[in-house]
Amino acid sequence: MIRIAPSILSADFSKLAFELKKVEAAGADLIHVDIMDGHFVPNITIGPVVVKYIRKATSLPLDVHLMIENPAKYIDAFVKAGSDMITVHIETVTIKELAAIAKGLKKSRVKLGISLNPGTPLAKIIKALPLVDFVLVMSVNPGFGGQDFIPSALNKIRSLRLIFKKDIAVDGGINNFTAKLVVGAGASVLAAGSYIFGAKNTRKAINSLRKAPRR
Ligand code: DX5
Ligand code: ZN
């Protein structure tokens, strides 16, 4: 089963509750929430204060993608705000820090994901794999919505699929065409921002991503 996670980075933030209801009604499985600090990535978005209200505005699980330096410092705040899944970047943590984060999240029953940038080799996350519930493969350099899919993500997904049995999520440049490629390579969760929020028919857009044939 392919799960679709609309990224609210491409939503109209002045009417977030409406946007959340819209994708929920159109069949979204998760809400992908992009947290950016202006340090790890060249853009700034929202923090736990806003996530708390997003939590109240939807019943879908919140998939919180931390693109921030020193994520360990902020994990508790994002758990309290109502995250169901939290992803940290391998570029921002040591294995020791990740193990501590994993321990804390297990207690809170929040799923942990590890993400890696397009320029980070798969070898960098090998030690992290036993600690996490899923991997989020970046198929754009994080920071902005609406960028083009970077094809080298496909080989990464294929190689990872051979050694990792849990969910592989993909984030960046996902549309009806690239969805088929990443699902064919072994991905099971698709985060998509501009393709879903830019669509005239939200339900059609979500269905077209979900229909990507499984490998
Ligand atoms: C990129 C974010 C993505 C982004 C995807 O830094 O992590 O989640 O919202 O946007 P699209 O689907 O437009 O590439
Ligand atoms: Zn994201």
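Just so you know, residue 1 is the first one in the sequence shown, and it goes up from there. For ligands, and for the atoms within them, numbers begin at 1 and follow the listed sequence.
Nearest N/O/S atom of Asp34 with respect to the Zn ion (ligand 2) is recorded as OD1.
Within the listing of ligand 1, atoms 6 (O) sit less than 4.0 angstrom from a heavy atom of Pro142. Every atom of ligand 1 with a heavy atom of Met36 under 4.0 Å away is listed here by number and element: 6 (O). Near Ala192, the atoms of ligand 1 lying under 4.0 angstrom from a non-hydrogen atom of the residue are 12 (O). Residue His32 approaches ligand 1 through these ligand atoms, each under 4.0 Å from one of its heavy atoms: 8 (O). Taking every non-hydrogen atom of Gly145 and a distance limit under 4.0 Å, the qualifying atoms of ligand 1 come out as 10 (O), 13 (O). Residue-ligand proximity, Ser7 to ligand 1, at heavy-atom distances under 4.0 Å covers atoms 4 (C), 8 (O), 9 (O). Distances below 4.0 Å separate heavy atoms of His65 from the following atoms of ligand 1: 7 (O). Near Met67, meaning under 4.0 Å from any of its heavy atoms, are these atoms of ligand 1: 6 (O), 7 (O).
Protein heavy atom at the shortest distance from atom 12 (O) of ligand 1 is Gly193 N, 2.7 Å. Among all protein heavy atoms, the one lying closest to atom 4 (C) of ligand 1 is Asp34 OD2, 3.7 Å. Regarding atom 5 (C) of ligand 1, its nearest protein heavy-atom neighbour is Asp171 OD1, 3.5 Å. Of the protein's heavy atoms, Phe144 O, 3.7 Å lies nearest to atom 1 (C) of ligand 1. Of the protein's heavy atoms, Ser194 OG, 2.5 Å lies nearest to atom 13 (O) of ligand 1. For atom 14 (O) of ligand 1, the closest heavy atom belonging to the protein is Gly173 N, 2.8 Å.
Of all the heavy atoms in Pro142 and Pro118, the pair that sits closest is CD-CD, 4.4 Å. Residues Asp37 and Val41 approach most closely at OD1-N, 3.8 Å, considering heavy atoms. When all heavy atoms of Ile68 and Pro71 are compared, the closest pair comes out as O-CD, 3.7 Å.
When only interatomic distances are considered, the shortest N/O to N/O separation between Gly143 and ligand 1 falls below 3.5 Å. Ligand 1 has no N or O atom lying under 3.5 Å from any N or O atom of Ala191, backbone or side chain.
Side chain of Thr87 to main chain of His65: no donor-acceptor pair is present (N/O by atom type, distance under 3.5 Å, no hydrogens or angles). Side chain of Arg203 to main chain of Val23: no donor-acceptor pair is present (N/O by atom type, distance under 3.5 Å, no hydrogens or angles).
Checking each of Ile157, Val182, Val183, Val189 against Ile168 for a side chain to side chain contact (heavy atoms under 4.5 Å, CB included) leaves exactly one that passes, namely Ile157.
The pair Asp167-Lys111 does not count as a salt bridge, with every side-chain nitrogen at least 4.0 angstrom from each carboxylate oxygen. The pair Arg55-Asp84 counts as a salt bridge, with a side-chain nitrogen and a carboxylate oxygen less than 4.0 angstrom apart. Asp29 has a carboxylate O that lies under 4.0 Å from a charged side-chain N of Arg210, or vice versa, which qualifies the two as a salt bridge.
The distance from atom NZ of Lys180 to atom OG of Ser208, rounded to the nearest 0.5 Å, is 7.0 Å. Summarising the geometry, atom CG belonging to Leu160 is positioned 6.0 Å from atom CG belonging to Leu129; distances are rounded to the nearest 0.5 Å.
With the Zn ion (ligand 2) at the apex, Asp171 OD2 and His65 ND1 define an angle of roughly 90° (rounded to 10 degrees).
Within the 4.0 Å heavy-atom criterion, neither part of Tyr195 lies near ligand 1.
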Dump the intermediate steps for side-chain hydrogen bond (donor to acceptor under 3.5 Å, both in side chains) on Thr120 and Asn117, then the final yes or no. CA-CA 5 Å; Thr120 302; Asn117 282 344; 4.9 Å; no
